[in-house]
Each structure stands twice: as C-alpha cells, then as structure tokens.
**Q** 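This structure is in structure tokens; I'll ask about it shortly.
One-based numbering along the sequence shown.
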Amino acid sequence: MTYNPPLSRRPLHELSGGGRPRVMTTTQLRSHGVSTAETNEQCRAGGPWRQLLPGVVLLHPGPPTSEERLHAVLMYAARERGTGVPAQPGAGRPHAPAYPEVMITGLAALTLHGFSSTPPLPSLDAIDVLVPRMRRLRSTGCARIVRTPVMPAPEQVTGVPVAPVARALADAVAELADAGLVRRLLTEAVRGGHGDPTAVVRELNQARLLSRPHVVDAVESLLAEGRARAEDRLYRMVHEYGLPDPVWNVDLRLPGGPSSCGERYLSQNSASMIASVLPDQSPLKLTAREWRPSPVVTASEFEP
C-alpha cells in the first residue's frame with residue numbers, strides 16, 4: 001500500500017505576498033493545498049480573489065497591474081502544457097522554462113522592447129500571445145491568441161518571453177488599420193536600431209500583409225529610413241576615423257560606356273534583395289523591379 005501524504009497547506013495570505021505577481025493558476029493553487037471549492041469561494045462576488053482568465057486567479061480584489069496581466073495571459077496560454085509541478089533541474093539539466101511554447105507578441109511585445117510609438121501596457125484592451133497553431137485555445141478576456149506554424153525563439157524581457165521585434169511587428173500590423181501608426185512603428189524599428197529592414201519585410205510577407213496599400217506605403221518609408229541610417233553610419237565613420245572627405249552618391253561609369261558600378265550597382269542589388277522576399281504581384285515588388293536610379297554625376301566629370 002502506497003501512502004501519499006497530503007499536500008502541505010500554506011496560509012492564503014502567504015500566496016499573494018513576497019513582492020511577486022499576485023496571480024496563479026488553479027493547478028498551482030491546488031499544489032499549495034487550496035481546493036477548487038475554496039478557490040471558488042475566494043473568487044465569489046466581493047471576495048478577496050477574482051478569476052482573471054479561465055483557470056487563472058488574481059490573488060487580490062483590485063485591478064491587475066500590467067505585470068500581472070502579462071503573466072496571467074502567459075499562464076492561460078501555457079496551462080495545457082503545465083503539470084502543476086515544475087521539472088526539477090539535475091546535474092547538467094537547466095530549469096524548464098516557466099512558459100513553454102508561448103510568448104508575448106504584437107503591440108505589448110513592442111512596448112516591452114522599448115518602442116515609444118506603441119500604447120502603454122495599461123491602455124491595451126488585450127495582450128497578444130503567440131502559440132503553436134495546433135493548440136486548443138481561444139481568445140478571451142485580456143488574452144488574444146495568435147497562432148503560428150513555426151514558433152520563433154523568444155527573447156527574455158523583464159523575465160517575460162517576448163517575440164522578436166520583426167515577428168511582433170508583423171503581428172501588430174495585422175491588427176492595425178491606422179496607416180500613420182503602422183508607418184511610425186516600422187520607421188521606429190529601423191531608426192531605433194530594433195530590427196533589420198529585410199527581416200521586417202520578410203515577416204510582413206510571410207504574414208501576407210503586403211497586399212494592403214497602407215502597409216506597402218509604410219514599407220517604402222521603412223526602406224528609406226534604412227538607407228538614411230546606413231548613410232548616417234558612413235558619415236560618422238568618416239568623421240570619427242579622420243578619413244579623407246569622400247564624394248557621396250557618385251554614379252561611376254566606364255569611359256564612354258554605361259554605368260558599371262557605384263550607386264546604380266548598389267541600388268539595383270538592394271532592390272533585387274528586397275524584391276526576392278516579396279510575392280510576385282506585390283506593388284512593392286513591381287516598384288523594385290521597375291526602379292531606375294537617376295544619375296547624379298559621372299566619374300568623367302571629375303577628370304582633370
């Protein structure tokens with residue numbers, strides 16, 4: 001006969017102390033000796049707790065903080081995978097992630113990454129959470145489920161798994177109809193050094209967003225911002241290292257022949273690189289194919 005000792009009981013007030021987010025799943029509460037009936041009693045109208053999401057309990061009666069909402073959404077999305085008792089690390093075995101196969105994405109993720117053009121977390125009605133496509137979950141309350149066939153590697157921001165900037169941008173843009181906000185987000189991604197323009201365009205293409213006119217306009221601004229940022233880095237390099245003052249934007253030509261290199265070569269190859277990640281009928285791809293640089297000056301003009 002196997003004897004299973006009862007779960008150790010902790011006073012209820014201790015579960016919501018210690019300065020940690022005061023939110024737990026019902027499975028975690030049971031692991032601390034709190035029965036389902038007692039949880040329901042604590043969450044009654046006017047009680048000390050409240051159910052924030054299905055299977056997720058806020059351990060105080062007031063409104064949740066932004067941190068508590070983030071953790072509640074992650075707990076809700078990850079709860080199918082949870083067993084209630086985290087895997088214990090052994091020799092050469094690291095701790096299992098707190099929220100396996102889920103991460104914050106969309107506007108909330110961009111805010112966590114430090115974007116200034118995104119709304120603050122308390123003003124978001126819902127927080128996007130990225131999950132594998134086959135997970136049996138639905139959007140509810142403050143949790144909006146975003147599905148993907150391939151999960152990206154999460155980045156840890158303030159202890160929370162967050163989607164990379166390019167993926168978070170694509171998920172945010174998919175829900176936005178405000179052309180101005182879309183343009184500001186994409187521009188800030190490059191200007192603030194948050195992401196690579198090519199990676200952002202690739203994610204937008206994979207999300208099938210490049211058929212939307214306001215997204216195409218924003219991408220054109222994104223590419224212009226990427227060029228301006230690259231030129232700024234060149235200017236600073238020349239200044240900081242005391243290099244001879246170069247002649248900028250020169251269209252080099254062979255004697256008596258067409259352009260062979262210089263701006264024409266670089267610009268056409270940049271356009272080809274961008275066009276390679278776009279669908280065939282994308283307006284942006286047609287623009288890249290038809291683009292021709294305007295000659296600025298020829299090398300022969302500088303000959304003595």
Side-chain angles (χ1 to χ4, degrees), residues 10-86 97-131 135-147 154-163 168 171-172 175-176:
R10 293 179 59 187
L12 296 184
H13 69 273
E14 289 188 9
L15 297 178
S16 58
R20 58 183 175 274
R22 295 177 292 173
V23 60
M24 297 180 75
T25 65
T26 53
T27 301
Q28 290 170 332
L29 287 170
R30 285 196 298 270
S31 73
H32 288 291
V34 182
S35 67
T36 300
E38 188 164 11
T39 297
N40 293 337
E41 175 66 18
Q42 295 291 317
C43 292
R44 73 189 186 282
W49 296 353
R50 54 179 286 212
Q51 181 173 294
L52 190 56
L53 288 167
V56 182
V57 177
L58 184 67
L59 304 181
H60 63 82
T65 65
S66 296
E67 183 182 16
E68 287 166 347
R69 292 178 76 212
L70 289 170
H71 284 279
V73 166
L74 290 167
M75 288 177 179
Y76 168 70
R79 75 186 195 283
E80 283 187 3
R81 299 286 184 179
T83 61
V85 180
Y99 305 112
E101 294 189 344
V102 298
M103 65 191 73
I104 301 297
T105 189
L107 289 175
L110 297 178
T111 298
L112 290 171
H113 278 299
F115 277 62
S116 61
S117 53
T118 53
L121 290 177
S123 69
L124 294 176
D125 293 331
I127 295 174
D128 294 328
V129 57
L130 192 63
V131 303
R135 293 293 301 279
R136 295 176 295 176
L137 288 167
R138 61 181 178 86
S139 298
T140 183
C142 62
R144 182 162 52 215
I145 301 300
V146 180
R147 304 180 189 279
E155 300 178 13
Q156 294 294 321
V157 182
T158 66
V160 173
V162 178
D171 291 333
E175 299 293 329
L176 294 175

**Q** Would you say the side chain of Pro161 lies within less than 4.5 Å of the side chain of Gln156, judging by non-hydrogen atoms?
**A** yes
**Q** Going from CD on Glu67 to CZ on Arg22, what distance comes out if it is rounded to the nearest 0.5 angstrom?
**A** 11.0 Å
**Q** Does some side-chain heavy atom of Leu58 sit less than 4.5 Å from a side-chain heavy atom of Gln51?
**A** no
**Q** Please find the pair of heavy atoms, one from Leu121 and one from Arg69, that lie closest to each other, and give the distance.
**A** O-NH1, 3.3 Å
**Q** Any chance you could measure Ile145, atom CD1, to Thr105, atom OG1, to the nearest 0.5 Å?
**A** 11.5 Å
**Q** Looking only at heavy atoms, which two atoms of Gln28 and Met24 are closest? And how far apart?
**A** OE1-CA, 3.4 Å
**Q** Once salt bridge (charged side-chain N to carboxylate O under 4.0 Å, His left out) is applied, do any residues pair with Arg144, and if so which ones, sequence neighbours excluded?
**A** Asp128
**Q** Going by atom type alone, with no hydrogens or angles, which donor-acceptor pairs under 3.5 Å involve a side-chain atom of residues 109-117 and a protein atom two or more places apart or on another chain?
**A**
residue, atom, partner, partner atom, Å
Thr111, OG1, Leu107, O, 3.1
Thr111, OG1, Thr118, OG1, 2.8
Thr111, OG1, Pro119, O, 3.0
His113, NE2, Ala163, O, 2.8
Ser116, OG, Glu188, OE2, 3.2
Ser117, OG, Glu188, OE1, 2.5

**Q** Any salt bridge (Lys or Arg N to Asp or Glu O under 4.0 Å) involving residues 46-62? Give me the pairs, sequence neighbours left out, ordered by first then second residue.
**A** none
**Q** Would you check if Tyr76 and Leu137 make a side-chain contact, meaning some heavy-atom pair closer than 4.5 Å?
**A** yes
**Q** Answer whether the closest heavy-atom distance between the side chains of Tyr99 and Ile104 falls below 4.5 Å.
**A** no
**Q** May I have the step-by-step check of side chain to side chain contact (heavy atoms under 4.5 Å, CB included) for Val160 and His71, ending in yes or no?
**A** CA-CA 8 Å; Val160 173; His71 284 279; 4.1 Å; yes
**Q** Between Pro64 and Leu52, what is the shortest heavy-atom contact and its length?
**A** CG-CD1, 4.0 Å
**Q** Rounded at 0.5 Å granularity, tell me how far CG in Leu70 sits from SG in Cys142.
**A** 9.0 Å
**Q** Could you give me the CA-CA distance, side-chain angles and deciding distance for Val73 and Leu53, then say whether side chain to side chain contact (heavy atoms under 4.5 Å, CB included) is met?
**A** CA-CA 8 Å; Val73 166; Leu53 288 167; 4.3 Å; yes
**Q** Ignoring hydrogens and geometry, is there a side-chain-to-backbone donor-acceptor pair from His60 to Gly62 under 3.5 Å?
**A** yes
**Q** Do Val57 and Thr25 have side chains that approach each other closer than 4.5 Å (heavy atoms only, starting at C-beta)?
**A** no
**Q** Please answer whether the main-chain N or O of Arg135 pairs with a side-chain N or O of Arg147 as donor and acceptor at a distance below 3.5 Å.
**A** yes
